[in-house]
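Notes follow once the structure below has been shown.
Here is how names work: the chains are called A, B, and so on, in the same order as the sequence lines, proteins then strands, and each is numbered from 1.
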Number of protein chains: 2
Amino acid sequence: MLNSYSSADKVLLAVDCIIFGFDNDGLKILLIQRDFEPEKGKWSLIGGFLKRDEVLDTAATRILNTYTGLNDIYMEQLHAYSEIDRDPVERTISVSYFALINIENHNAELIQNYHAEWFPINDAPNLIFDHNEMVQNAIKRLRYKTSVKPIGFELLPEKFTMRQLLELYEAILSKELDKRNFISKINSLGILNKLDEKDMQSSRKGSYLYTFNKEKYEEKLQNNFALNL
Amino acid sequence: MLNSYSSADKVLLAVDCIIFGFDNDGLKILLIQRDFEPEKGKWSLIGGFLKRDEVLDTAATRILNTYTGLNDIYMEQLHAYSEIDRDPVERTISVSYFALINIENHNAELIQNYHAEWFPINDAPNLIFDHNEMVQNAIKRLRYKTSVKPIGFELLPEKFTMRQLLELYEAILSKELDKRNFISKINSLGILNKLDEKDMQSSRKGSYLYTFNKEKYEEKLQNNFALNL
DNA sequence: TAATTAAGTGTAAATATCACATTAATAATT
DNA sequence: AATTATTAATGTGATATTTACACTTAATTA
């Protein structure tokens with residue numbers, strides 16, 4: 001019988017989160033030092049097991065919240081990893097999720113308590129199991145998403161400068177972008193509010209601050225635009 | 001304890017396959033009439049449970065082979081579905097896969113024996129569980145993939161005419177394409193071999209047959225091209 | 001008040017996309 | 001043998017998009 005429920009094998013189902021953040025030093029991911037066996041002391045993605053009464057999306061949200069204190073964060077399911085011995089303890093299938101957060105917003109204390117730490121994506125430690133692969137795939141997806149939705153705004157503080165936005169996109173795509181062309185493309189989308197306020201940290205002249213305009217974005221969304229950078 | 005293996009709940013893991021095929025009548029999916037409860041007699045995707053010694057990709061391949069007799073088929077993992085009661089019998093998480101096959105190639109006898117049947121994507125019966133949603137998501141992915149890789153060739157016979165290729169893309173994207181612009185775009189990719197042979201079925205003049213040139217495609221692949229149709 | 005620093009701005013050339021109509025090859029019909 | 005009918009094959013000019021590129025401005029500091 002091909003499809004009998006009773007004879008099928010049950011497995012553990014885990015969720016692992018690739019949490020991206022951005023600050024002045026570039027694009028980062030949040031990793032945790034495992035405090036339990038196996039691989040105790042090594043770096044890993046933040047993760048946990050799916051509960052009986054829980055949907056995968058909820059599990060991902062719960063895990064993110066546990067380690068960062070954050071709610072209402074953009075998360076997206078990526079891929080299910082199922083190599084037989086990917087987890088040496090027991091057959092475990094893991095579904096990866098990625099999240100984008102503004103590094104400034106998270107609960108630093110929580111992160112400390114869990115021995116979690118931010119690492120630049122190009123200078124992260126080796127990870128347990130298949131977590132390196134998960135991260136690489138997440139970066140690919142992030143790049144793709146960036147071209148299709150103005151997803152990067154999740155990574156910036158509420159008010160940001162054009163330079164910050166440019167550098168974020170450069171970090172995500174890991175290539176240099178032409179400043180003028182970038183600005184005119186972004187402006188042509190019409191999804192930014194230019195404030196009267198300036199940020200005086202970065203230069204003598206000061207640079208205007210912007211906010212992301214969700215309403216205008218929702219309007220635009222119908223004609224699913226692409227941002228070719 | 002957040003991460004203890006022992007306290008975690010195990011679940012059934014299923015694989016469901018969205019199998020796309022193409023013939024003169026357009027784009028189709030392969031569905032099966034369930035011969036077991038629950039929902040016996042209703043239409044469903046082709047699926048099965050993950051086995052203990054099996055990776056998800058292998059399970060998807062096995063399931064495809066069981067029902068179609070085909071091997072070496074392009075398949076891709078799509079998404080994990082985990083709603084609590086999506087399967088009324090028991091908590092089951094299902095990972096969807098999509099496959100592209102040339103309808104002419106499959107084993108028709110096998111399909112008959114399993115009460116499977118091809119349905120036009122726009123005229124398919126209502127499906128059990130969350131399978132309708134799976135199909136809709138698969139169509140979206142197929143559309144996207146089509147613009148990024150020349151994936152459609154999997155759906156055609158080895159030798160095909162430009163008209164067939166055009167109609168395939170029109171079916172996938174569900175919009176009319178300009179014949180001349182389509183041909184020149186496809187040609188500019190340089191991934192087709194024009195044969196000396198003509199297909200005389202479709203017209204008096206006859207139309208040249210083409211094959212897909214895998215070598216040239218692999219060459220091109222480096223500069224990951226996009227096909228904007 | 002001169003020097004420094006990053007911000008802000010526009011245009012022309014190249015490329016890609018789009019809309020569009022006629023001729024060519026053959027088989028079937030007379 | 002000539003005519004008709006059918007689908008295949010082909011190119012161009014107009015428009016839109018993308019790219020490359022350099023100087024001026026505003027404010028602070030020496």
Side-chain angles (χ1 to χ4, degrees), chain A residues 23-26 143 146-148 150 156-157 159-171 173-211 220 223-229, chain B residues 24-26 143 146-148 150 156-157 159-171 173 175-211 220 223-229:
Chain A
D23 65 15
N24 291 333
D25 301 329
R143 280 186 190 144
T146 295
S147 73
V148 175
L156 292 173
K159 298 175 182 180
F160 52 87
T161 64
M162 272 292 180
R163 164 172 290 261
Q164 284 179 294
L165 188 61
L166 173 67
E167 285 177 353
L168 170 59
Y169 275 87
E170 287 184 332
L173 302 172
S174 79
K175 68 175 178 189
E176 281 199 7
L177 298 173
D178 181 276
K179 184 173 48 155
R180 278 179 288 188
N181 292 339
F182 176 80
I183 292 173
S184 56
K185 273 185 183 172
I186 291 288
N187 280 334
S188 75
L189 294 178
I191 55 174
L192 293 189
N193 296 324
K194 188 174 193 170
L195 307 180
D196 281 333
E197 207 174 335
K198 278 189 167 187
D199 168 80
M200 300 307 293
Q201 309 300 107
S202 61
S203 75
R204 298 186 174 154
K205 184 177 176 179
S207 57
Y208 283 104
L209 288 164
Y210 292 81
T211 58
K220 276 261 158 180
N223 339 307
N224 43 331
F225 59 88
L227 186 56
N228 299 313
L229 295 174
Chain B
N24 290 333
D25 300 330
R143 281 187 188 145
T146 295
S147 72
V148 174
L156 292 172
K159 298 175 181 180
F160 51 87
T161 64
M162 271 293 180
R163 165 172 289 260
Q164 284 178 294
L165 187 60
L166 173 67
E167 284 176 354
L168 170 59
Y169 275 87
E170 288 184 330
L173 302 172
K175 66 174 179 190
E176 280 199 8
L177 299 173
D178 180 276
K179 185 172 50 153
R180 278 179 288 189
N181 292 337
F182 176 81
I183 291 173
S184 56
K185 272 185 184 173
I186 291 287
N187 281 333
S188 74
L189 295 178
I191 54 173
L192 293 189
N193 295 325
K194 186 175 194 169
L195 306 180
D196 281 335
E197 207 174 333
K198 278 187 167 186
D199 169 80
M200 302 304 294
Q201 309 301 106
S202 61
S203 76
R204 300 189 172 152
K205 183 176 175 180
S207 57
Y208 284 103
L209 288 165
Y210 292 80
T211 56
K220 275 262 159 179
N223 336 309
N224 44 329
F225 58 87
L227 185 58
N228 299 313
L229 297 173

From B:Ser147 OG over to B:Leu229 CG, what is the distance, rounded to the nearest 0.5 angstrom?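 CG of B:Leu229 is found 8.0 Å from OG of B:Ser147.
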
Does [X] put a side-chain nitrogen or oxygen below 4.0 Å from OP1 or OP2 of [N]?
{"X": "B:Asn228", "N": "C:dA16", "value": "no"}
{"X": "B:Lys185", "N": "C:dC18", "value": "yes"}
{"X": "B:Arg163", "N": "D:dA8", "value": "yes"}

d([atom1], [X]; [atom2], [N]) in whole Å:
{"X": "A:Tyr208", "N": "C:dT9", "atom1": "OH", "atom2": "P", "result": "8 Å"}
{"X": "B:Phe182", "N": "C:dC20", "atom1": "CZ", "atom2": "P", "result": "20 Å"}
{"X": "A:Ile183", "N": "D:dT18", "atom1": "CD1", "atom2": "P", "result": "17 Å"}
{"X": "A:Gln201", "N": "C:dA7", "atom1": "CD", "atom2": "P", "result": "13 Å"}
{"X": "A:Leu165", "N": "C:dA6", "atom1": "CG", "atom2": "C1'", "result": "17 Å"}
{"X": "B:Ile186", "N": "C:dT17", "atom1": "CD1", "atom2": "P", "result": "13 Å"}
{"X": "B:Leu177", "N": "C:dT17", "atom1": "CG", "atom2": "C1'", "result": "13 Å"}
{"X": "B:Asp199", "N": "C:dA27", "atom1": "CG", "atom2": "C1'", "result": "14 Å"}

Between [X] and [Y], what is the shortest heavy-atom contact and its length?
{"X": "A:Tyr208", "Y": "A:Asp196", "answer": "CE2-O, 3.9 Å"}
{"X": "A:Lys198", "Y": "A:Lys205", "answer": "NZ-O, 3.3 Å"}
{"X": "A:Arg143", "Y": "A:Ser174", "answer": "NH2-OG, 3.4 Å"}
{"X": "B:Lys220", "Y": "B:Ser188", "answer": "NZ-O, 3.8 Å"}

DNA chain D: 5'-proximal contact among A:Lys179 and A:Lys198 (nearest heavy atom):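 Nearest nucleotide further toward 5': that of A:Lys179.
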
With no angle test and no hydrogens, is the base of [N] tied to the side chain of [X] by a donor-acceptor pair under 3.5 Å?
{"X": "B:Arg180", "N": "C:dA21", "result": "yes"}
{"X": "B:Lys205", "N": "D:dA8", "result": "yes"}
{"X": "B:Arg204", "N": "D:dA5", "result": "yes"}

Side chain of B:Asn181 only, please: which of D:dT19, C:dT9, C:dC18 is the nearest?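 The answer is C:dC18, which lies nearest to the side chain.
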
A:Ser207 vs A:Asp178, nearer the 5' end of DNA chain C by closest nucleotide: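 Going by which nucleotide is closer to the 5' end, it is A:Ser207.
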
